[in-house]
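Working notes, structure below.
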Protein chains: 2
Amino acid sequence: MRSYLHKRTSPSTPLARTKASITDLAQQLGVSVSTVSRALSDHPGISDATKKKVWKLAKELHYQPNHMAAGLRKGRSNLLGVLVPHIDGHFFTMIVKGIETVASKAGYNIMICQSNEDVAHERKNIETLLSAQVEGILVSMSRTTRDFRHFEKVRKQEIPLVFFDRVLDGLDVSAVVLDDREGGYQSTKHLIKQGCRHIAHFGGPQHLNIYKNRRQGYIDALLEAGLPLQEELIFYCDMTLEDGIRGMQQMLALPTPPDAVFSASDFSVVGALQELKRRKLRVPQDIALVGFSNEMFTSLTEPMLTSVDQRCEQMGQSAVRLFLEMREESSTTFSPRRVVLQPDLLIRESSLLLNGKQ
Amino acid sequence: MRSYLHKRTSPSTPLARTKASITDLAQQLGVSVSTVSRALSDHPGISDATKKKVWKLAKELHYQPNHMAAGLRKGRSNLLGVLVPHIDGHFFTMIVKGIETVASKAGYNIMICQSNEDVAHERKNIETLLSAQVEGILVSMSRTTRDFRHFEKVRKQEIPLVFFDRVLDGLDVSAVVLDDREGGYQSTKHLIKQGCRHIAHFGGPQHLNIYKNRRQGYIDALLEAGLPLQEELIFYCDMTLEDGIRGMQQMLALPTPPDAVFSASDFSVVGALQELKRRKLRVPQDIALVGFSNEMFTSLTEPMLTSVDQRCEQMGQSAVRLFLEMREESSTTFSPRRVVLQPDLLIRESSLLLNGKQ
DNA sequence: AAACTTTGTGCAACTGATTATGCAAACTTA
DNA sequence: TAAGTTTGCATAATCAGTTGCACAAAGTTT
């Protein structure tokens, strides 16, 4: 079937091939495949003359090493899976950038999946990543994820799993998170300092650590200042721009509307701003606003929005580092680790009352 | 741990393994690997009883099919490479979303790389994608790319290559592009209709089709209206926010400053807006503004910015479809194809002069 | 000159899955 | 019951690399 001189000449070869393989190089040079393999990876046991011959022909034939074959043999893929809810905003985009930097330095390529804030999608993505033989998975959960079963599978296969930003609460896993409580605390405290006394909060799904903690920070600051915690001043939603509009409408319909809003997301705070503008209310004089994430647009609105920076890039980098550590240690001795980053409150016009309230 | 029958007990096994392979299943069930393989893929030649046994054990052992092995054998990776300058803004993000949708329907996983607007990076990314054995590459060139050599390699390996949005001018390749000339033409014509007579243009590197064509549309509209083309009213830059500020400063320093700016990017038009605000000039009354890309923030600024929507999601989808077509046809008969999408001018406050100029 | 080292390369097994081919047992038909 | 079919599975080659080991030739030491 295959000619003994060149096994690829046969028309009955099942797979049409155009690319040159290591075998082709070996045959054309009259050396063994192992020699070619070693030459290509600059192995010390191969003479310079042979190496140069190999390199030369490799270039001529546009030889392209096959990662799948190498990975198969070496039991490695050099692939790192990244699973995020989306890459729409500034936050996850920057995290991905951070991940890419460190991962590529460590010789890893990354495979990005978006769950679109949907558990079903997330489950499918996990499958995809696993069958792609990724060596680790960095994940930020979707908003609709409330159980851990699909992640269990990753653990069972002893593949390092690192969460970042969003973690299912009370889960014993490795994670890089922001000190969200501190972020909420500082934001609220800042508003109190500006003279606000009736501070509302727009919060997200409370099964997610981030929203729960931001809310906790808000509460802590209120209580510390001796202010009452009023449940009617808290609006729970999915943190979209539209949710922000609805939240603001709801707040303004209260007998005593708030004089400030601390939103757990920049998107909903923009919605709030739009609603306030529509009603010709002044920001920050009538109602001060603070958001969360330091999205790019926060410095483009009028007034510019105060927001909490989440150290996205650093978060991505830390996540990869955590993965690299886990990889080194045996899975039996490794105990989940947590990295906590400090938030950075960026005070802009939307909350800056030079003379305080009233 | 593993029985002596099991060939993986040897301590000399080079690779520590935790995951079960098709061989493990076969041995534990006392059937051949081919049977397991066929059972897993629901081959008709396998009895239901055997299939059920296999599926059961596969679940128990958390069996995970190895895509690398299957891909190696089948000569397919089911991987589609995507190379974009960055995923910071709205534009490329949405394109990626469009790509993902269609690609995953066709059974492809995508591998995203960012060139960071840097040729060197782009070259490295191409290498990465090729060695990952992607079956096709969808690419939007970096701003600094001025030659085609690294793409030649892709062609030589007969891997379908589809450009989208940014293409090296005059290149005979498959591509999905926006009718940028039309976008520039409509934008400028709109400004003229609003009574503007001194329209400036912020343009990008002219070796890129997109900027060249937007500029051409601008020129066409001017000439059609009998307006003079004044080179001092054109500012070439890299289209960042900071460039927009500088461009606006330069324009305002002219003896006769413009009464409108058509910018080939939303980022630089925001810069222009900021500079105008700083100088207490009114938009659109003193100077009208039109941007390009319909970035999310264009509807958050004050005034909201008129911009040209680029049908990003559709662009991504079309790119994948083009790839799928190329895949079907033999590389010899295939001739490069081009898909041109129509832009959509979204008129907002920054260019809306109810009574015209003066 | 014999013994020992070093250098450069080939052999062959191996990675996990797919698939053409063959063959035995069970079933159907004449 | 003998011949022909169908069913269900095993054998073995194959994909493109990697790597432990063997081994010959050349160089070095005694």
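Chain identifiers are assigned alphabetically (A, B, ...) following the order of the sequence lines, protein sequences preceding nucleic acid strands; residue numbering begins at 1 within each chain. Below, each value reflects all heavy atoms present in this structure, side chains not excepted, and no hydrogens, waters or symmetry copies.
In this structure, B/His121 has no ring pair (Phe, Tyr, Trp, His ring centres under 6.0 Å) partners at least two apart in sequence or on a different chain.
For the pair B/Val119/B/His150, a side-chain contact is recorded, criterion being any heavy-atom separation below 4.5 Å from C-beta on. In this structure the side chain of B/Gln114 reaches within 4.5 angstrom of the side chain of A/Val96, judged on heavy atoms. A heavy-atom distance below 4.5 Å is found between the side chains of A/Gln133 and B/Lys19. No side-chain heavy atom of A/His67 sits under 4.5 Å from any side-chain heavy atom of A/Leu79. Contact of the B/Gln28 side chain with the B/Glu60 side chain is not registered, since no non-hydrogen atoms from C-beta on lie closer than 4.5 Å. At a threshold of 4.5 Å between non-hydrogen side-chain atoms, the residues B/Ile95 and B/Val84 do not count as touching. A 4.5 Å side-chain heavy-atom check between A/Met111 and A/Thr128 finds at least one atom pair inside the cut-off.
Between the CG atom of B/Asn78 and the P atom of C/dT18 there is a distance of 12 Å, rounded to whole Å. Rounded to an integer number of Å, the gap from CG of B/Asn66 to P of C/dT18 is 9 Å. Atom P of nucleotide D/dC15 and atom CE of B/Met68 are separated by 18 Å, given to the nearest angstrom. Rounded to a whole Å, the NE2 atom of A/His67 is 10 Å from the P atom of D/dT18. Counting to the nearest Å, the C1' atom of C/dC14 and the CZ atom of A/Arg76 are 18 Å from each other. Put simply, CD1 on B/Ile22 is 5 Å from P on C/dA17, counting in whole angstrom units. Here the P atom of nucleotide C/dT15 and the CG atom of B/Asp24 are 10 Å apart, to the nearest Å. Distance, B/His43 NE2 to C/dA17 C1': 15 Å, rounded to whole Å.
For C/dT15, the base has no donor-acceptor partner in the side chain of A/Arg73 [N/O atoms by modelled type, under 3.5 angstrom].
No salt bridge links A/Arg327 with A/Glu135; every basic N to acidic carboxylate O contact stays at or beyond 4.0 Å.
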Enumerate all atom pairs, one protein N or O and one N or O from nucleotides 5-12 of chain D, separated by less than 3.5 Å.
residue : atom : partner : partner atom : Å
D/dC9   : OP1  : B/Ser47 : OG           : 3.4
D/dC9   : OP1  : B/Thr50 : OG1          : 2.4
D/dC9   : OP2  : B/Ser47 : N            : 3.0
D/dC9   : OP2  : B/Ser47 : OG           : 3.2
D/dC9   : OP2  : B/Thr50 : OG1          : 3.2
D/dA10  : OP1  : B/Ser32 : N            : 3.2
D/dA10  : OP2  : B/Ser32 : N            : 2.7
D/dA10  : OP2  : B/Ser32 : OG           : 2.7
D/dA10  : OP2  : B/Thr35 : OG1          : 2.3
D/dA10  : N7   : B/Ser34 : OG           : 3.3
D/dA10  : N6   : B/Arg38 : NH1          : 3.1
D/dT11  : O4   : B/Ser34 : OG           : 3.2

Protein-nucleotides 24-27 of chain D N/O pairs closer than 3.5 Å?
none

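No engagement by A/Gln133 is indicated, since no non-hydrogen atom pair under 4.0 Å with the nucleic acid exists.
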